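Heads up: the structure comes next, in structure tokens.
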Amino acid sequence: MKREKLRVEPIKDGTVIDHIMSGQALNVLKVLKIKSPSEETVSMAMNVSSREMGKKDIVKVEDRRLGKGELNKIALIATNATINIIEEYAVVEKYRVSVPKFIDGIIRCKNQNCITNRDEDVATRFKVESKDPLSLRCVYCGSRTSSVEFL
Amino acid sequence: MVAIRGTLKGRDVISINDFSREEIDHILKVSDCIEKDLDSKFGLLSGKILSILFFEPSTRTRMSFESAMYKLGGRCINMGPTELTSVKKGETFSDTIKVISKYADVMVLRHPSDGAARYASEISDVPIINGGDGTGQHPTQTLLDLYTIKKESKLEGANIGILGDLKYGRTVHSLVYALSMYGIDMTFISPPNLSLPEEIKEDLDDKKISYEECERIEDVIGDLDVLYVTRIQRERFPDIMEYKKVSGSYKITKDMLEEGGKENLIILHPLPRIGEIDPDVDDTKYARYFLQTKYGVVVRMAILGLMLGGFE
């Protein structure tokens, strides 16, 4: 219990993303466009024991309150992730992510001839046709996909 | 002509899927009215300009649009071959669209990348007509295909066969979606490696449209009311060896039609043809592909007129 506490030390202000499916923490950072070198203090725990999930990942971003739209993109890879907004060590907002209606700029279109793969000026955009099972359609070329490949 | 008032005014024509069956019927109805009284339509688009941006070769689509615009009293400006434009200097696609959209009232675009027309419609000041985007869609070809089928055969209850390059053929992709709106059962005939993309078949399955697939036209020709033939497009093959394997794998001949075809069978083709329809077929009662190109002008007049407010 003591060791667990050390791994998930509380933060003063910021965003804690909990209940991430084990192994997806790095993808979550990718979705949130948190790259090294980063201005934020980011801590990450992988394969942490969880009563509900068996194993889970956790990401904490200090001194940054991430927006709902931004966080909902996580739902593509971590359906059950929960978001905790922290202020002065207290949880001031808590919610579960949900898949947004459109996904902008983070997923690659599988159609190699799609304008988004041919012209670097054109950012990808997908319409979410079904959340469960996940089904996305490229708004440009119309290709449908259920597997997510991040840019 | 006032069935669906202003249905197309100011709208883009990007994918056939953007239109309801009711809207498509209206375009076909307006086309029919134009065809019956062609001369009276001159001047309806007087003072309007169509800009033509083709990043891929074209004869029929480009000239058909030009003809349609002139017949309505409008004018065309043509970007011409990309080698002679700022595209050659490295101008981005986005900038080209933004600039040219300032010169005209409507723009027709052909581009080798799927989805290019949709993207252009987001950044253009004027409505965009998709004149073919990669292996994606070619909606105005589909509208003229539907018009030809309606005029020369029937849309309701027809048995329609589509032959050739079903994998890369954008005219096929658009047409399949349009026919599915009419609940038409389709037969897809192609070499195995050029069959209709799985994704489109899934869309048909979702709509509960039944279809058959086969490799030999001889096996199904006797069941068809309409046979839509397409060219195997060398330019779409990533691997030229794959093209050579299927090139010349089917040919419609006069004998084949007279021996196996229904009395009222009609043959359509978006053209150009390379060798998939023997020239002997041209003068038979089955051939409609040259008439199809003539109808293309009428249908494009309807589209331009509706988009620019010349018709309602």
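Below, read A as the first sequence line, B as the second, and so on, with proteins coming before strands; counting in each chain starts at 1. Predicted, not measured: the structure shown is a model, and the values here were computed from it. These values consider heavy atoms only, across backbone and side chains, with no hydrogens, waters or symmetry-generated copies.
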So which part of Asn17(B) gets closer than 4.5 Å to some heavy atom of chain A, the side chain, the backbone, both or neither? neither
Relative to chain A, which of Ser15(B), Ala116(B), Ala117(B) shows the most heavy atom pairs under 4.5 Å? Ala116(B)
Other residues, nucleotides and ligands only: do more than 12 of their heavy atoms fall within 6.0 Å of NZ on Lys131(A)? yes
Side-chain heavy atoms of Glu199(B) within contact of Lys110(A), under 4.5 Å: yes
Just wondering, are more than 12 heavy atoms of other shown residues or ligands nearer than 6.0 Å to NZ in Lys94(A)? no
For Pro197(B), is it the side chain, the backbone, both, or neither that has a heavy atom closer than 4.5 Å to a heavy atom of chain A? neither
When rounded to the nearest 0.5 angstrom, what distance separates SG in Cys138(A) from CZ in Arg118(B)? 10.0 Å
I'd like to know which of His111(B), Gln137(B), Glu202(B) tops the heavy-atom pair count under 4.5 Å against chain A. Glu202(B)
State, with a plain yes or no, whether a side-chain heavy atom of Phe93(B) is found less than 4.5 Å away from one of Ile115(A). yes
Please flag which part of Glu122(B) lies under 4.5 Å from any non-hydrogen atom of chain A: side chain, backbone, both or neither. side chain
Asn113(A) versus chain B, heavy atoms under 4.5 Å apart: side chain, backbone, both or neither? both
Between OG on residue Ser143(A) and CG on residue Asp114(B), distance to nearest 0.5 Å: 7.0 Å
Could you check which of Gln112(A), Arg144(A), Arg118(A), Arg125(A) has the highest count of heavy-atom pairs closer than 4.5 Å to chain B? Arg144(A)
Where on Asp119(A) is there a heavy atom nearer than 4.5 Å to chain B: the side chain, the backbone, both, or neither? side chain
